[in-house]
Amino acid sequence: MSPAGPPHGFQQDPGGVLYECLALGCWAPPPRALEPEPRPRPATPWPGRDGAGPCGREEKFCPPEGAGAPRSRQDGAGGVEARPAARPRLGRVEAVDGARRFANHRVLVEPAAAAGVAVMKFKNPPVNSLSLELLTEFVISLEKLENDKSFRGVILTSDHPGIFSAGLDLTEMCGRNPVHYAEYWKAVQELWLRLYLSNLVLVAAINGASPAGGCLMSLSCDYRIIADNPKYTIGLNETLLGIIAPFWFKDTLVNTVGHRTAERALQLGMLFPPAEALQVGMVDQVVPEDQVQSKALSVMAQWMAIPEHARQLTKSMMRKATADSLVKQREADIQNFVSFISRDSIQKSLHKYLEKLKQKKG
């Protein structure tokens, strides 16, 4: 990295680096053991419509359309191997009103009240931090819905009202090895690519605070509805923590609110309460908390009334160039992240911060 800083936004905070910590630690997840955890055991992939994997092939990692086949090893300094995250085991699968309900450890998928619509709920208490397990389960669940032609739309929400998602999980970035860091960042990239390019109609039913990574997930949807509660702020607040939002975070925000508003919000690390988020275009509607789900369903009906083929092609036309910018630089983006997060000074700062949190919660 050059003295001016890495190209993709990873920068050290003189007072200690807190990468993607929410609202200056207000929503940081509780610390887990910092020793490296054993890799999850490979599990049987979710069956597709013909009994194969999510993309119609057995045991294959399926990149987003246009992303090309994944590479098992990066080109660049250190040659960090970035393997796809191991797929977790299927949770409980049961029939619900003629459809199926998927219950995993950290993602719950169930049919909505309207035909053709599923609800995906994050359930990674206490703050729905984006752990590697949640990221992997989420992508598998979305793949499953995309391959089930009975579903055309998905509502994303939290199983724990009050927090939509607190963003990246700090414990995935502390005390691990470079292979784990590469795997984790590739999973974060994959989540965004899958959401941003999905052929499904995606509506974010934001029923809690949504800073940083939680905001990115919301921005990647087709429509955003937030509960009218001043505590439920949303935004990319990385600069408050002494870091810079990765370029694809920035691009997603610019596409949503425009260049000037995005520049101001990113430089100041702004977290917007619902009314202000609506004013700048970060969300599309603000409704009472008890109406978030019903409003999401009514909006979904409007989007699903559009001829599917025309809507999907239009979405691809609008978003493909933005997604391609990450696809083309994906390996370099992973390498930059791994190089940054592996620094001794960064690891010491993260460890110190997590220990502080542990003492506070103790």
Side-chain angles (χ1 to χ4, degrees), residues 20-22 27-33 36-46 54 61-62 83-94 96 100-112 118-146 148 151 154-174 176 180-181 183-195 198 200 202 204-218 220-221 293 354:
E20 194 75 4
C21 166
L22 304 146
W27 298 103
R32 299 188 311 222
E37 298 177 358
R39 291 174 58 82
R41 214 171 24 169
T44 303
W46 284 34
F61 174 75
C62 310
R83 296 190 296 269
R87 295 182 181 276
R89 289 185 180 277
L90 265 177
R92 187 172 62 257
V93 180
E94 58 190 54
V96 179
R100 292 196 296 174
R101 180 179 188 268
F102 312 111
N104 294 311
H105 291 97
R106 288 169 173 77
V107 177
L108 174 65
V109 180
E110 56 190 9
V119 178
M120 291 183 66
K121 296 181 179 179
F122 318 129
K123 56 187 191 80
N124 192 22
V127 294
N128 289 331
S129 57
L130 301 179
S131 64
L132 181 57
E133 186 173 357
L134 185 146
L135 293 169
T136 306
E137 287 187 8
F138 185 95
V139 169
I140 292 174
S141 298
L142 190 60
E143 286 178 343
K144 177 63 181 176
L145 292 171
E146 288 173 336
D148 186 341
F151 289 105
V154 178
I155 296 171
L156 302 184
T157 193
S158 171
D159 196 43
H160 309 285
I163 177 69
F164 183 76
S165 173
L168 302 190
D169 189 338
L170 291 177
T171 61
E172 298 285 4
M173 300 179 281
C174 184
R176 310 300 185 93
H180 181 87
Y181 300 144
E183 182 178 30
Y184 181 65
W185 195 244
K186 188 166 189 175
V188 176
Q189 294 176 332
E190 187 71 13
L191 173 76
W192 177 72
L193 288 169
R194 290 285 181 179
L195 283 173
S198 178
L200 296 166
L202 301 177
I206 307 167
N207 56 344
S210 186
C215 176
L216 180 70
M217 295 177 72
S218 300
S220 302
C221 292
Q293 286 296 320
L354 290 172

Chemist: Any side-chain heavy-atom pair from Ile163 and Pro126 closer than 4.5 angstrom?
Modeler: no
Chemist: Can you see which heavy atom on Pro125 is nearest to which on Asn128, and at what distance?
Modeler: N-OD1, 4.3 Å
Chemist: Calculate, to the nearest 0.5 Å, the distance between atoms CD and CG belonging to Glu172 and Leu130 respectively.
Modeler: 10.0 Å
Chemist: Find the distance between OG (Ser198) and CG (Leu145) and round it off to the nearest 0.5 Å.
Modeler: 9.0 Å
Chemist: Less than 4.0 Å between a side-chain N and a carboxylate O, is that true for Glu137 and Arg106?
Modeler: no
Chemist: Check ring pair (Phe, Tyr, Trp, His ring centres under 6.0 Å) between Phe122 and all other residues, then give those that pass, not counting sequence neighbours.
Modeler: Phe138, Phe164
Chemist: Report yes if some heavy atom in the side chain of Leu200 is under 4.5 Å from a heavy atom in the side chain of Leu142; otherwise report no.
Modeler: yes
Chemist: Atom SG in Cys221, atom CD1 in Ile206: separation rounded to 0.5 Å?
Modeler: 8.0 Å
Chemist: Hey, does Trp192 have a side-chain heavy atom less than 4.5 Å from the side chain of Val188?
Modeler: no
Chemist: Over all heavy atoms of both residues, which pair between Ala209 and Pro211 is shortest? Give the atoms and the distance, please.
Modeler: C-CD, 3.5 Å
Chemist: Do the side chain of Asn207 and the main chain of Ser158 share a donor and acceptor less than 3.5 angstrom apart?
Modeler: yes
Chemist: Please confirm whether the backbone N or O of His160 pairs with a side-chain atom of Lys123, one donor and one acceptor, at under 3.5 Å?
Modeler: no
Chemist: Would you say the side-chain atoms of Thr157 pair up with the backbone N or O of Lys121, donor to acceptor, closer than 3.5 Å?
Modeler: no
Chemist: To the nearest 0.5 angstrom, please state how far the CG atom of Leu132 sits from the OH atom of Tyr181.
Modeler: 13.0 Å
Chemist: Starting at OG of Ser129, measure out to CG of Leu135 and round the result to the nearest 0.5 Å.
Modeler: 9.5 Å
Chemist: Any heavy-atom pair between the side chains of Lys144 and Val109 that's under 4.5 Å?
Modeler: no
Chemist: Are any non-hydrogen side-chain atoms of Leu202 and Leu195 less than 4.5 angstrom apart?
Modeler: yes
Chemist: Supply the atom-to-atom distance Met173 CE to Leu170 CG, rounded to the nearest 0.5 angstrom.
Modeler: 5.0 Å
